[in-house]
Amino acid sequence: MTNTNATNGKVAAYHGVPAEDAYGYAQAIKIGNTIHVSGQLSHDENGAMVSPAVLDESGKPVDFSMMEEQMRVTYANAAKILAQFGATFDDVVEDTLYVLDVDAAFAVAGKVRKEVYGTPRPQVASNLIGVPRLAFPEQLIEIVFKAVLPEA
């Protein structure tokens with residue numbers, strides 16, 4: 001994981017996974033006291049999918065039972081990116097969950113989010129949006145974050 005100074009006062013953060021170079025993006029950009037975190041997903045330190053969904057013969061997920069584990073790993077990866085800027089989930093003001101199956105995500109999201117944010121009613125704006133496809137076939141969820149650090 002690294003941080004680099006980008007242009008126009010931006011600081012970029014990376015996990016160091018292959019997709020960053022292949023697609024060409026930063027995991028997060030900090031400008032001023034605001035951190036914009038790109039869609040995080042369930043991958044390990046090498047970029048391999050953790051708890052991949054089982055796919056059918058056409059390459060589409062057929063089992064969404066890994067949603068909770070993918071969600072947990074996704075939040076853990078976001079925590080690592082936020083930490084590169086000295087931020088935590090206490091600094092997050094919004095998260096948007098993009099999921100392949102809204103019912104499967106909704107069934108576990110409340111429990112996972114309450115644990116991640118450490119409160120029964122997280123003080124964060126949140127969206128849960130069903131989508132037809134994500135970046136990787138085995139991927140069930142992707143989460144985008146916006147965090148704001150206290151003014152210095």
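If you're wondering where the values come from, they're calculated on a predicted model, not measured in any experiment.
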If hydrophobic clusters are built from ILVMFWY residues whose side chains come within less than 4.5 Å, do [X] and [Y] share one?
X	Y	result
Met71	Val54	no
Tyr98	Val73	no
Phe64	Ile129	yes
Val148	Ile143	no
Val11	Val92	yes

Under the rule for side chain to side chain contact (heavy atoms under 4.5 Å, CB included), what residues qualify as partners of [X], not counting sequence neighbours?
X	result
Lys111	Glu68, Arg72, Glu115
Pro122	Arg113, Lys114, Tyr117, Thr119, Val124
Leu55	Pro61, Pro137, Glu138
Val102	Val99, Leu128

Point-to-point distance, once rounded to the nearest 0.5 Å, from [atom1] of [X] to [atom2] of [Y]:
X	Y	atom1	atom2	value
Met66	Gln139	CE	CD	14.0 Å
Asn8	Ile31	CG	CD1	6.5 Å
Thr74	Gln40	OG1	CD	8.0 Å
Leu140	Met67	CG	CE	5.0 Å
Thr96	Asn127	OG1	CG	4.0 Å

Once ring pair (Phe, Tyr, Trp, His ring centres under 6.0 Å) is applied, do any residues pair with Tyr75, and if so which ones, sequence neighbours excluded?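 If we apply the ring pair (Phe, Tyr, Trp, His ring centres under 6.0 Å) test to Tyr75, skipping adjacent residues, the hits are Phe89, Phe145.
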Suppose we screen for ring pair (Phe, Tyr, Trp, His ring centres under 6.0 Å). Which residues come up paired with Tyr25, at least two apart in sequence or across chains?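 Checked Tyr25 against ring pair (Phe, Tyr, Trp, His ring centres under 6.0 Å); matches are Tyr23.
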Pairs touching residues 54-64 that satisfy side chain to side chain donor-acceptor pair (under 3.5 Å), sequence neighbours left out: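 Sorted result for residues 54-64: Asp56-Ser58, Asp63-Ser65.
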Report yes or no: does Gln70 contribute a side-chain atom to a donor-acceptor pair with the main-chain N or O of Ser51 at less than 3.5 Å?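 Yes, Gln70 side chain to Ser51 backbone: donor-acceptor pair under 3.5 Å.
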Is there any ring pair (Phe, Tyr, Trp, His ring centres under 6.0 Å) pair reaching into residues 28-53, and which pairs are they, with sequence neighbours excluded?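 Listed once each, the pairs are His15-His43.
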Using side chain to side chain contact (heavy atoms under 4.5 Å, CB included) as the criterion, point out the one residue from Val144, Ile29, Leu82, Asp95 that pairs with Val37.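 Among Val144, Ile29, Leu82, Asp95, the one meeting side chain to side chain contact (heavy atoms under 4.5 Å, CB included) with Val37 is Leu82.
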Atom of Ile35, atom of Ala28 and distance for their closest heavy-atom approach: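 Closest pair (atom of Ile35, atom of Ala28, distance): CG2-CB, 4.2 Å.
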What pair of heavy atoms forms the shortest contact from Gln84 to Tyr14, and how long is it?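 Closest approach of Gln84 to Tyr14: NE2-O, 3.2 Å.
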Apply side chain to side chain donor-acceptor pair (under 3.5 Å) to Glu69 and list each qualifying residue two or more places apart in sequence or on a separate chain.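 Per chain and number, Glu69 pairs via side chain to side chain donor-acceptor pair (under 3.5 Å) with no residue.
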Non-neighbouring partners of Thr34 that pass side chain to side chain donor-acceptor pair (under 3.5 Å), sequence neighbours left out: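 Thr34 satisfies side chain to side chain donor-acceptor pair (under 3.5 Å) with no other residue.
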Would Leu97 and Ser126 count as a side chain to side chain contact (heavy atoms under 4.5 Å, CB included) here? Give the steps. CA-CA 8 Å; Leu97 293 75; Ser126 186; 3.8 Å; yes
Please walk me through it: do Gln27 and Glu20 pass side-chain hydrogen bond (donor to acceptor under 3.5 Å, both in side chains)? CA-CA 8 Å; Gln27 295 290 340; Glu20 294 166 350; 3.0 Å; yes
Only pairs at least two apart or in different chains count here, so list each salt bridge (Lys or Arg N to Asp or Glu O under 4.0 Å) that has a residue in residues 27-51.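 Residue pairs with at least one partner in residues 27-51: there are none.
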Is there a side chain to side chain contact (heavy atoms under 4.5 Å, CB included) between Thr88 and Asp91? Walk through the geometry before answering. CA-CA 6 Å; Thr88 69; Asp91 301 302; 3.7 Å; yes
